[in-house]
Amino acid sequence: MKTGYSHLKCGLIGRKLSHSFSKPIHNALADYDFAMCELEPEQVENFVKNGELDAFCITIPYKKDVMPFLDEISPEAKAIGAVNVVVRRNGKRYGYNTDYFGFDYMVRRANIDVKGKKAVVFGAGGASATVCALLRDKGVRELVCLGSADNTPENSMANADAEIIVNATPVGMYPKNNVSPTSLSYFPKCEAVFDLIYNPARTALMIEAEERGIPALNGLSMLVAQAARAFEHFTGDPYEDGIIENIVADLSADTQNLILIGMPGCGKSTVGRLSAEQLGREFLDADVEFTKIHGITPADAIKELGEEKFRLMETETLAELSKLSGKVIATGGGAVTKERNYPLLHQNGVIVFLERELDKLATEGRPISQSTNVKELYAKRISAYERFADIKVRSTEIPSKTAELICTEFKKAFKG
């Protein structure tokens, strides 16, 4: 973090900012104050003209709305038709677009050559305008932009030859996770997916790309890169070499969940609490949260409603928990038995399979473990545990030691 800028008052404006990672990013860049300012549309003009901030970034949905209230707009922002940074200087308001630099950084980081390719961009707002400008400058052979009114199956099928797909909409963004602006089944020639969303870390569109073996990137590197360029406008100084990648890695580690899977009774709850303590995070036990949400314990739900109904209720619980960021979550032992739970857990987490010797598994209060031979249960589930897992850790006889091993492996997952 660069120091010497504590006299500056900076911030972010937008309509809903609970999803935003901008504050920790700017806190890592410099020591200026950075305020989060949620505004209704009728408040934007007065804020831009009379607000107290020296400089600020703009996010959805005001990147075009602020432009009439500025004294000068940079050439790149004029060409794009969107402003995402405003600086007050010498009594005037100057507008810039740093998203162009951010998306360029994202594409270069992916090592994807878009020249000569056909691209379909979903979205018609300021972010879409920036993406389209960059893709044109990089020499795509054809560019199609589909706003919400044009986003129909017929239009997607008419562009089935597209190799590059970009989501520049908020569709799939927290808290409305697990939805997508399109299906990649419409684009059999797709070679890369860029999703400007960064919360969750893996949108439904990105997970579909992974399933099809297509490279997919989220918008976190774009967000950090544009913030680094915004810092330069705020301060007049260059950002530090390497700071973008450092912030991307740190923020990924801080915001993604650590999710524990494993056999019933393997110690997920105990080790999870200890892991949360070591990481300074909140611990959530899926069984406890199940009871809070549904008003019945998992054990009673299985006995009274049957396992299939219980599994549907369990998926509802996991869908809510997995939207969160920066938690340690212990799942029920059978969460892996339903494939639909994988994208939920994967969207914003690193999944750790906690292994333990079968003769040391606790069975008290676990109806399925008590009614089924443990070895048979393990044989049925082991392939699912391994398929879900990003990391595998064998339990030691000392829970705190096991938690330490898990935390070490979790942190390694974010180092390049």
Side-chain angles (χ1 to χ4, degrees), residues 174-179 200-202 204 207 211 256-273 275-276 281-356 361-374 376-392 406:
Y174 175 87
K176 296 181 180 180
N177 304 40
N178 308 313
V179 292
R202 301 169 194 87
I207 290 174
E211 291 170 350
Q256 289 199 43
N257 299 315
L258 191 167
I259 298 173
L260 292 167
I261 61 173
M263 284 285 286
C266 70
K268 296 185 295 294
S269 296
T270 299
V271 171
R273 288 189 184 90
S275 297
R281 298 183 173 211
E282 181 183 7
F283 171 71
L284 296 170
D285 187 313
D287 286 348
V288 173
E289 300 305 313
F290 179 101
T291 304
K292 291 179 182 178
I293 292 171
H294 299 290
I296 187 172
T297 67
D300 287 342
I302 293 170
K303 291 176 182 177
E304 297 176 19
L305 305 174
E307 186 177 355
E308 280 308 305
K309 177 61 176 177
F310 161 71
R311 292 298 175 201
L312 289 172
M313 296 164 70
E314 180 181 51
T315 295
E316 292 175 13
T317 303
L318 295 177
E320 291 304 311
L321 295 182
S322 60
K323 289 181 183 180
L324 304 175
S325 297
K327 310 297 183 184
V328 175
I329 301 171
T331 66
V336 300
T337 62
K338 299 300 179 182
E339 190 64 29
R340 62 178 178 253
N341 292 337
Y342 175 72
L344 299 178
L345 300 175
H346 182 56
Q347 66 177 321
N348 217 24
V350 174
I351 303 173
V352 179
F353 173 26
L354 180 61
E355 289 191 293
R356 193 176 189 186
L361 298 177
T363 60
E364 185 177 351
R366 305 174 192 276
I368 296 176
S369 294
Q370 291 175 342
S371 63
T372 307
N373 180 284
V374 172
E376 291 179 3
L377 192 64
Y378 180 79
K380 289 179 181 179
R381 293 182 177 178
I382 181 58
S383 62
Y385 286 132
E386 293 182 338
R387 186 170 65 254
F388 272 49
D390 298 303
I391 297 168
K392 187 187 299 184
I406 288 171

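Bear in mind that the values here come from a model prediction, so they are computed numbers and not experimental data.
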Listed partners of [X] passing side chain to side chain contact (heavy atoms under 4.5 Å, CB included), at least two apart:
X: Ala204; answer: Ser180
X: Lys338; answer: Glu308, Arg311, Arg340, Asn341
X: Glu289; answer: Leu284, Lys292, Thr317, Leu321

Where the side chain of [X] meets the backbone of [Y], is there a donor-acceptor pair that is under 3.5 Å apart?
X: Asn348; Y: Leu324; result: yes
X: Lys327; Y: Ile259; result: no
X: His294; Y: Met313; result: yes
X: Tyr385; Y: Gly333; result: yes
X: Ser325; Y: Gln256; result: no
X: Asn257; Y: Gly326; result: yes

Discussion item. One pair to check against side-chain contact (heavy atoms from CB on, under 4.5 Å): Ile296 and Phe290. What are the steps and the verdict?
Written reply: CA-CA 8 Å; Ile296 187 172; Phe290 179 101; 4.0 Å; yes
Shortest non-hydrogen contact from [X] toward [Y]:
X: Gly332; Y: Ala286; answer: N-CB, 4.3 Å
X: Leu260; Y: Thr331; answer: O-OG1, 2.8 Å
X: Arg387; Y: Tyr342; answer: O-CE1, 4.4 Å

Discussion item. Please determine whether side-chain contact (heavy atoms from CB on, under 4.5 Å) holds for the pair Glu316 and Ile293, giving the CA-CA distance in whole Å, both sets of side-chain angles, and the decisive distance to 0.1 Å.
Written reply: CA-CA 9 Å; Glu316 292 175 13; Ile293 292 171; 5.6 Å; no
Worksheet entry | Name of the residue among Lys323, Arg202, Gln347 meeting side chain to side chain donor-acceptor pair (under 3.5 Å) with Asn177 | Gln347
[atom1]-[atom2] distance between [X] and [Y], expressed to the nearest 0.5 angstrom:
X: Met263; Y: Ile382; atom1: CE; atom2: CD1; value: 9.0 Å
X: Ile329; Y: Lys268; atom1: CD1; atom2: NZ; value: 13.5 Å
X: Arg381; Y: Phe353; atom1: CZ; atom2: CZ; value: 11.0 Å
X: Glu339; Y: Thr337; atom1: CD; atom2: OG1; value: 10.0 Å
X: Asp390; Y: Ile261; atom1: CG; atom2: CD1; value: 8.5 Å
X: Lys303; Y: Phe310; atom1: NZ; atom2: CZ; value: 12.5 Å

